[in-house]
S.K.: 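Take a look at this one; I'll ask things after.
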Amino acid sequence: MQNNVKNSIIDKKEKKAMSKKIIISIIVVILIGIVASAFYASYLNNISYAISKYGSSGKEVKQIQEKLKRWGYYSGNVDGIYGTKTVDAVKKFQRKNGLTADGIAGKKTLAKMGIFSSNNTSNSSTTNSSDAKLLSRIIHAEARGEPYEGQVAVGAVVLNRVKSSSFPNTVSGVIYQSGAFDAVSDGQINMTPDKTSISAAKDALNGWDPSYGCTFYFNPSTATSKWIWSKTQIVKIGKHIFCKD
């Protein structure tokens, strides 16, 4: 009888211990699942932009080469092969845009180039879309008929003003600043931009700056203000002279 009682007590203790082990195992599995999910989410976030570097090949590399060639950084063949010339061109682009010049087209570099993966429709892309529309309108109003490089330069001036502490810090703020652009005053800003102006706006937003950091431009044939002549002239493209303080 005593043995039966002892065995019963032992069985209960073993069952309790087993239950605790099962509960602990379940908790451990849940915690591992949570940690794994966090790491996976982080992983997905990191690969939302593909990374191209020396030795890479494919469509993204072609896209990089096409943009860099259009902007004057790259002079090689657009062959989709990430070779020495592509590395050098990426480094030039990175230096020009305040990025670490390592020659690797990582997340920040691709974002500056306006290259986003198909599964990543980021907020910055959405913001750039509205900015691009407005920028294309001011380019069309102010510089239609000018060389393509000159149209991009007008867009770059707007963006350089956004970066400057001397001007409003948004594209719309700069464009609609009182007295800043004649095309706003006379209503030409409301004209429908053509394909060239739209393309020029995108290139300016993607980092091409043929004005070399200028925040002003003017047509010497029509300028009536003596003040604008006091600015440091940097480059002349078409009919416009681009300058800065």
Side-chain angles (χ1 to χ4, degrees), residues 42-132 135 139 148-149 151-171 173-174 199-215 234-235 242 244-245:
S42 175
Y43 169 74
L44 286 179
N45 182 54
N46 286 332
I47 66 166
S48 61
Y49 290 73
I51 293 176
S52 292
K53 56 185 178 180
Y54 183 80
S56 298
S57 61
K59 289 182 180 179
E60 183 175 88
V61 178
K62 261 191 173 182
Q63 215 176 346
I64 291 167
Q65 291 172 332
E66 284 170 355
K67 284 177 176 283
L68 292 177
K69 190 158 191 170
R70 195 189 318 152
W71 299 335
Y73 294 100
Y74 179 67
S75 58
N77 295 325
V78 179
D79 54 11
I81 300 171
Y82 208 113
T84 305
K85 285 187 176 181
T86 305
V87 171
D88 291 341
V90 170
K91 284 182 179 178
K92 289 176 186 175
F93 175 82
Q94 288 170 328
R95 280 193 288 268
K96 183 74 174 177
N97 288 275
L99 301 166
T100 302
D102 55 10
I104 298 171
K107 181 175 179 178
K108 290 182 180 178
T109 299
L110 291 174
K112 280 282 187 181
M113 290 181 181
I115 298 173
F116 302 92
S117 65
S118 59
N119 62 352
N120 177 30
T121 52
S122 67
N123 288 334
S124 62
S125 180
T126 303
T127 301
N128 279 356
S129 177
S130 60
D131 285 347
L135 200 59
I139 289 171
Y148 184 72
E149 186 180 3
Q151 293 188 40
V152 177
V154 167
V157 165
V158 173
L159 299 178
N160 290 336
R161 288 189 179 189
V162 172
K163 296 173 188 174
S164 171
S165 59
S166 301
F167 298 91
N169 60 1
T170 63
V171 170
V174 166
S199 180
K202 288 179 180 177
D203 273 341
L205 282 165
N206 285 339
W208 186 16
D209 184 2
S211 79
Y212 300 100
C214 288
T215 47
I234 304 299
V235 63
F242 294 83
K244 58 175 70 172
D245 285 323

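Remember, predicted model here, so these are calculated numbers, not experimental data. The chain is numbered in sequence order, starting from 1.
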S.K.: When you measure from the side chain of Arg161 to the backbone of Thr215, do you find a donor-acceptor pair of N or O atoms at a distance under 3.5 Å?
M.R.: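 Pair found, side chain donor or acceptor close to backbone of Thr215.
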S.K.: Between Phe167 and Asn160, is there a side-chain heavy-atom distance shorter than 4.5 Å?
M.R.: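 No, side chains not in contact.
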S.K.: First locate atom OH of Tyr74, then atom OG1 of Thr86, and finally report the distance between them rounded to the nearest 0.5 Å.
M.R.: 4.0 Å
S.K.: What is the distance from atom CD1 of Ile81 to atom OG of Ser56, rounded to the nearest 0.5 Å?
M.R.: 11.5 Å
S.K.: Let me confirm one number: the NZ-CD1 distance from Lys91 to Ile104, rounded to the nearest 0.5 Å.
M.R.: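 These two atoms lie 9.5 Å from each other.
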S.K.: Quick one: closest heavy-atom pair of Tyr73 and Gly207, and the distance?
M.R.: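 Taking Tyr73 first and Gly207 second, the nearest heavy atoms are OH-O, 4.4 Å.
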S.K.: Drop me the distance from Ser164's OG to Asp245's CG, to the nearest 0.5 angstrom.
M.R.: 7.5 Å
S.K.: If you compare all heavy atoms of Lys108 against all heavy atoms of Leu99, which two are closest, and at what distance to 0.1 Å?
M.R.: CB-CD2, 4.1 Å
S.K.: To check you understand the geometry: which heavy-atom pair defines the closest contact between Tyr82 and Val61, and what is its length?
M.R.: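 Nearest heavy atoms, Tyr82 then Val61: N-CG1, 3.7 Å.
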S.K.: Go through the structure and list residues passing side-chain hydrogen bond (donor to acceptor under 3.5 Å, both in side chains) with Asp102, not counting sequence neighbours.
M.R.: Gln94
S.K.: Backbone N or O of Ser211 within a donor-acceptor pair of the Asp209 side chain at under 3.5 Å?
M.R.: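 Side chain of Asp209 to backbone of Ser211: a pair is present.
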S.K.: Ser199: what forms a side-chain hydrogen bond (donor to acceptor under 3.5 Å, both in side chains) with it, not counting sequence neighbours?
M.R.: Tyr148
S.K.: Any side-chain heavy atom of Lys202 sitting closer than 4.5 Å to one from Leu135?
M.R.: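 The answer is no; the side chains never approach within 4.5 Å.
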S.K.: Taking the side chain as everything from C-beta on, heavy atoms only, tell me whether Thr84 gets closer than 4.5 Å to Tyr54.
M.R.: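 Thr84 vs Tyr54: side chains touch.
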S.K.: So, the side chain of Glu149 versus the backbone of Pro210: is there a donor-acceptor pair under 3.5 Å, distance only?
M.R.: no
S.K.: Is there a donor-acceptor pair under 3.5 Å between the side chain of Lys53 and the backbone N or O of Ala105?
M.R.: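 It does not hold such a pair.
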S.K.: State, with a plain yes or no, whether a side-chain heavy atom of Leu68 is found less than 4.5 Å away from one of Val90.
M.R.: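 Yes, their side chains come closer than 4.5 Å.
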S.K.: Might you point out which heavy atoms bring Glu66 and Val78 nearest each other, and give the distance in Å?
M.R.: CG-CG1, 3.5 Å
S.K.: Before giving the answer on side-chain contact (heavy atoms from CB on, under 4.5 Å), spell out for Thr170 and Val162 the whole-Å C-alpha distance, their side-chain angles and the decisive distance to 0.1 Å.
M.R.: CA-CA 5 Å; Thr170 63; Val162 172; 5.7 Å; no
S.K.: Of all the heavy-atom pairs spanning Ser52 and Ile64, show the shortest one and how long it is.
M.R.: CB-CD1, 3.9 Å
S.K.: So, taking the atom named NZ in Lys67 and the one named CH2 in Trp208, what distance separates them when rounded to the nearest 0.5 Å?
M.R.: 12.0 Å
S.K.: Counting only heavy atoms not in Lys85, do more than 12 sit closer than 6.0 Å to its NZ atom?
M.R.: no
